[in-house]
A.B. asks: 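Quick one: this structure, given as structure tokens, is what I'll be asking you about.
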Amino acid sequence: MLKQKHLLGLEGYPAQDIKTIIDTAFSFREVLDRPIKKVPSLQGKTIVNLFFENSTRTRISFELAQKRLSADTVNFSASTSSLKKGESFKDTAQNIEAMKIDAVVMRHPDPGAPLHLTKHVDAVVINAGDGKHEHPTQAILDMMSLQEVFGKIKGLNVALVGDISHSRVALSNIYGLTALGANVTVCGPPTLIPPHIETLGVKVSHDLDAVFEWADALNILRIQMERMGVGLFPSVREYRNLFGVNTERLDRHGKELIIMHPGPMNRGIEIDSAVADSKQAIILDQVLNGVASRMAILYLLLGGKAEE
Ligand code: CP
């Protein structure tokens, strides 16, 4: 039903297929509101979750999505695998596939690792985040959450705020949002915005107050200390003053901006607790929509039966 066999990223991904995933996700959202939140769509399918990097939301969300669709699920953790004994990535992948699996959901610290995996296995591969490259399922759930609030994506003014350089969420959102006709601005310190990012069809701002005036929604990104080689801003305090989303700043503009964050959050740095827990924040809706979006992606890629 989707044009591509794998979901590796949203760069060049057909807009119509993103819309199909979001529409299907809304149907599954309805399943999640039922007393019995399970459908037989992927009965008999086996999916391996191959996580080489830490995760809370994405991993649990994929596992839940698989269970809600009645698929069989196997979890792999790099820290407890034979990779620790020197086995290569290729051998690990081929051994897992020899066990007759249908799909692999993969998170890896290296950009391109899921693409590399497709060269060694026949199974469907879904990228659950590869280094600083892409996190397509996060962007899809973000777009679904915007559509839930605004009823559309086209024409929305969406600002991605914070550490753009180290963010796979930012890149996948840029590809997805621009494909669906949203206007995108990236906002952060110059040291955290890649040069020439305008070539991707976005505007750049270093003035958060101006972005507040322009935007319908802010997607606030985590400062990724673990991916920074050297200090790229003078101090956390200065970052918070210039780019932190806090109630004083929101009150000053008196605007009902929608607040999003993919998590995990650094409360008190890029976002204040009062904002994260406010009525304007749809952060936990994003988490719920994540399960529905991943159900839709698995269902569409694995050719599930429409018998719910
Ligand atoms: N948003 C996200 O990818 O969170 P995790 O790293 O916890 O999976």
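Note that this is a predicted model, so its numbers are computed, not measured. Numbering of ligands and ligand atoms starts at 1, following listing order.
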A.B. asks: Hey, does P262 come in under 3.5 Å of ligand 1, counting only N/O atoms on both sides?
C.D. replies: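 In this structure, P262 places an N or O atom under 3.5 Å from an N or O of ligand 1.
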A.B. asks: So which protein heavy atom does atom 4 (O) of ligand 1 come closest to, and at what separation?
C.D. replies: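 I find the closest protein heavy atom is R57 NE, 3.1 Å.
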A.B. asks: Does G131 offer a backbone N or O that forms a donor-acceptor pair with the side chain of R168 under 3.5 Å?
C.D. replies: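 Pair found, side chain donor or acceptor close to backbone of G131.
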A.B. asks: Is there a donor-acceptor pair under 3.5 Å between the side chain of R107 and the backbone N or O of N54?
C.D. replies: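 Answer holds: yes.
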A.B. asks: Show your reasoning for whether salt bridge (charged side-chain N to carboxylate O under 4.0 Å, His left out) applies to D277 and R267.
C.D. replies: CA-CA 10 Å; D277 301 329; R267 287 177 183 253; 3.0 Å; yes
A.B. asks: Identify, by atom number and element, the atoms of ligand 1 in contact range of T56, meaning under 4.0 Å from any of its heavy atoms.
C.D. replies: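 Within the 4.0 Å cut-off of T56, ligand 1 contributes 5 (P), 7 (O), 8 (O).
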A.B. asks: Which residue is it: H135, Q147, Q286, H261? I am looking for the one with a side-chain hydrogen bond (donor to acceptor under 3.5 Å, both in side chains) to D142.
C.D. replies: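 That would be Q286; it is the only one of H135, Q147, Q286, H261 passing the side-chain hydrogen bond (donor to acceptor under 3.5 Å, both in side chains) with D142.
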A.B. asks: Validate the cation-pi geometry between R59 and F51: distance from NZ or CZ to the six-membered ring centre under 6.0 Å, angle to the ring axis within 45°.
C.D. replies: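 Judged by the rule (NZ or CZ under 6.0 Å from the ring centre, within 45° of its axis), R59 counts as positioned above F51.
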A.B. asks: Ignoring angles and geometry beyond distance, decide whether Q138 reaches within less than 3.5 Å of ligand 1 through its nitrogen or oxygen atoms.
C.D. replies: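 Yes; at least one N/O pair falls below 3.5 Å.
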A.B. asks: Does an N or O from R107, backbone or side chain, lie closer than 3.5 Å to an N or O of ligand 1?
C.D. replies: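 For ligand 1, there is an N or O atom that lies under 3.5 Å from one belonging to R107.
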A.B. asks: Any N or O on T58 sitting closer than 3.5 Å to an N or O of ligand 1?
C.D. replies: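 Right, the criterion is met.
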A.B. asks: Take atom CZ of R237 as the centre, draw a 6.0 Å sphere, and report whether it contains more than 12 heavy atoms from other residues, nucleotides or ligands.
C.D. replies: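 Result for CZ/R237: open.
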A.B. asks: With the threshold set at under 4.0 angstrom, would you say G129 reaches ligand 1 through any of its heavy atoms?
C.D. replies: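 False for this residue.
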